[in-house]
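Scroll down for the structure; my scribbles are underneath it.
Ligands are counted one by one from 1 in listed order, and the atoms in each one are counted from 1 as well.
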Amino acid sequence: MDTRKVHINSFGCQMNKLDSAIVTGALEDAGFTLTEKVKDADVVLINTCSVRRHAEDRVLSHLGHLKHIKETRPRLVVGVIGCMAQRLGAELLDHEAVDIVCGPAQIPQIPGLVKRALEEQKKILTVTQNIRRKCSDDQSDALDNFELAYDSDKNHIPGQAFVRVMRGCNNFCSYCVVPYVRGPEVSRPPQAIIEQIKKLAADGVKQITLLGQTINSYSFPAGDRTYRLADLLEMASEVDGIRWIRFITSYPVGFDESILHAMADLPKVCPYLHIPAQSGSDKILKAMNRGYTASEYLDLLTKARRIVPGIAIAGDFIVGFPSETDADFAATVQLVKKAKYKNCFIFKYSPRPGTRADDKLTDTVPDDVKKRRNVELLAVQNQISGEYNKCFLGRTLEVLVEGPSKKPHLNIAENAGRPQLIGRTATDYIVVFNGPESLAGELAEVEITKTSPLTLFGKIRE
Ligand code: 5AD
Ligand code: SF4
């Protein structure tokens, strides 16, 4: 057994957080202990994101810092895993601070690689050579088994877990690096997914979030039928102990009505849809290769609201895509006003090497314009959310309690004197209230006494 200490730092999306959790479990099983502090660590692993340049810059600055530390502690092993490892490969291994570069498909090898690097003090590179080639059955099985063995870790929010149902993406939106670092779409077998959910439920998990880059295209042929997302939702609903089921992220093309019916008919499936529009201008949507128009997207939202009354919808937008004019941006503002999202995530366009947008288009929109559009769109959304959220005043909502609030919301929640807790409704609203910490991982009823655009505040019903 190895008792050396590992520090893991994770950037990026839920997929990455899940990879970090799985790697953590595997390292603990291999006898390593985890440490919060770099100064106590024998090994530092950085799980990286390549979606925007800013995320990569943060990793590079972290590596600069680690290079300094290695001047006095040369035996410290530094590993870079995840999307940036796959994107940059050998180039990253050339960095003075880096000992291991390991792509997302190679993470089952991590415990072995770390041991080798500690013993041999040699640089190790393991990434996928041809990322768009479907991985071998052996590699796919190794990833599935790794997932099944370790996706039940204690580092999650109490009572909650993420379950990957598919890897990769086939969409090639022109700005996006994901298809080049996570490879082609591969759906996991439904039996493995359900087995994993049963295991999590037996460990006390109440909410599962199914993960996929374009989760509505989940498709697994078996015998004379093909399992789709709606089938998975139905099968997951039958697992005892699971109370809430979510899924992210949906893609507006090929969004089967059966998913909306599953949401409407299965009480455990949360009425929440994260479905990025990215832009409200048809010209920009075309240049983004999204495959739909603004009005087709809005029609889908109307259908979702008709089939699932009370559904909450969240979106993503990119502002400042090449050639986006004021008129294009105004169309995005119009779409946000019509879509009536619960919330939106808004990003400034960041050119990604190797993507079609970066190859063919010039990053024409100046940064200050991107920034201004970002702030303006957020303000439009906040105004909508602020007004809408007032309808919750006086209502009692069921929340799944996550635990103590990380940042204190001063004097707003009632029952002062008890810790301030955070919970989420089935529709993904954040609710802040005071109550005992022992409620973490439990469902609770909270009466809403105050609202803001992003958060609801209330008083627990005891
Ligand atoms: N620049 C800015 N935002 C991006 N996203 C993806 N690629 C880029 C990029 N190159 C955003 C999209 C996506 C979210 C996860 O990140 O809005 O939905
Ligand atoms: Fe990227 Fe588009 Fe795939 Fe989402 S659907 S991961 S934005 S290529």
Side-chain angles (χ1 to χ4, degrees), residues 11-18 48-58 82-84 86-87 104 131-132 164-187 211-219 229 247-255 273-281 284-292 297 300 313-324 329 332 335-336 339 341 343-365 367 369-371 373-374 377-378 381:
F11 293 84
C13 63
Q14 290 300 349
M15 278 286 177
N16 254 19
K17 288 192 185 139
L18 179 56
T48 58
C49 169
S50 289
V51 162
R52 280 169 291 277
R53 186 173 153 190
H54 177 66
E56 292 199 343
D57 286 347
R58 282 171 66 201
C83 295
M84 210 174 151
Q86 177 61 43
R87 192 176 88 73
I131 190 70
R132 289 305 302 171
R164 189 176 348 244
V165 303
M166 56 195 295
R167 307 188 172 89
C169 184
N170 288 348
N171 275 344
F172 291 99
C173 301
S174 63
Y175 51 81
C176 185
V177 78
V178 168
Y180 306 96
V181 288
R182 291 271 172 176
E185 252 174 47
V186 181
S187 295
L211 288 184
Q213 303 289 353
T214 57
I215 195 152
N216 46 308
S217 56
Y218 175 85
S219 176
L229 179 61
F247 57 90
I248 51 173
T249 297
S250 295
Y251 187 72
V253 178
F255 190 93
L273 199 57
H274 179 209
I275 188 155
Q278 310 297 3
S279 171
S281 150
I284 297 293
L285 286 170
K286 192 154 193 273
M288 287 177 163
N289 193 31
R290 292 287 289 181
Y292 53 85
Y297 176 85
L300 178 58
I313 299 174
D316 289 1
F317 287 89
I318 296 176
V319 292
F321 187 81
S323 85
E324 185 189 69
F329 176 67
T332 298
L335 185 140
V336 167
Y341 293 109
N343 69 302
C344 304
F345 302 95
I346 303 165
F347 308 99
K348 292 187 296 171
Y349 171 68
S350 168
R352 300 287 59 220
T355 60
R356 290 182 198 175
D358 188 52
D359 285 349
K360 299 208 164 63
L361 307 170
T362 313
D363 185 14
T364 46
V365 181
D367 196 55
V369 177
K370 287 180 184 168
K371 219 176 267 169
R373 289 178 183 167
N374 191 337
L377 198 57
L378 204 58
Q381 178 56 41

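Looking at Cys176, Ala55, Gly320, Ser350, it is Ser350 that brings a heavy atom closest to atom 10 (N) of ligand 1. The residue among Gln278, Lys348, Arg352 with a heavy atom at the shortest distance from atom 17 (O) of ligand 1 is Gln278. Closest to atom 7 (N) of ligand 1 by heavy atom, among Tyr251, Phe317, Tyr175, Tyr349, is Tyr175.
Inter-residue side-chain proximity for Thr249 and Pro276 is flagged as met; some heavy-atom pair is nearer than 4.5 Å. Within the 4.5 Å cutoff, no side-chain heavy atoms of Cys173 are placed close to those of Met288. With a 4.5 Å cut-off on side-chain heavy atoms, Phe347 and Val51 do not count as touching. Contact annotation: the side chain of Thr48 never approaches that of Glu56 to less than 4.5 Å [non-hydrogen atoms, C-beta and beyond]. At least one side-chain heavy atom of His274 sits under 4.5 Å from a side-chain heavy atom of Asp316. No side-chain heavy atom of Val181 sits less than 4.5 Å from a side-chain heavy atom of Ile131. For the pair Met166/Ser217, a side-chain contact is recorded, criterion being any heavy-atom separation below 4.5 Å from C-beta on. Taking the side chain as every heavy atom from C-beta outward, Arg87 and Arg352 approach each other to under 4.5 Å.
Residue, atom and distance of the protein heavy atom nearest to atom 3 (Fe) of ligand 2 are Cys169 SG, 2.3 Å. Given atom 1 (Fe) of ligand 2, the protein heavy atom at minimum distance is Cys176 SG, 2.2 Å. When only non-hydrogen protein atoms are considered, atom 6 (C) of ligand 1 lies nearest to Val51 CG1, 3.5 Å.
Not one N/O/S atom of Cys173, from backbone or side chain, sits under 2.8 Å from atom 1 (Fe) of ligand 2.
An N or O contact shorter than 3.5 Å links Arg52 to ligand 1 by distance.
At a heavy-atom distance under 4.0 Å, only side-chain atoms of Tyr175, from C-beta outward, approach ligand 2. With a 4.0 Å heavy-atom cut-off, ligand 2 is reached by the side chain of Pro179 but not by its N, CA, C or O. Contacts between Ile318 and ligand 1 below 4.0 angstrom, taking non-hydrogen atoms only, involve the side chain exclusively.
Atoms of ligand 1 lying under 4.0 Å from any heavy atom of Asp316, numbered from 1 in the order shown and given with element: 13 (C), 14 (C), 15 (C), 17 (O), 18 (O). Near Val178, meaning under 4.0 Å from any of its heavy atoms, are these atoms of ligand 2: 6 (S). When each atom of ligand 2 is checked for a heavy atom of Phe172 under 4.0 Å away, the hits are 8 (S). Ligand-side atoms of ligand 2 in range of Thr214: 5 (S), range being under 4.0 angstrom from any heavy atom.
Ring orientation note: the planes of Phe321 and Tyr175 are nearly perpendicular, at an angle over 60° on the 30°/60° scale.
Ligand 2 lies less than 4.0 angstrom from a heavy atom belonging to Arg290.
With Asn16 contributing its side chain and Phe11 its backbone, the two residues share a donor-acceptor pair below 3.5 Å.
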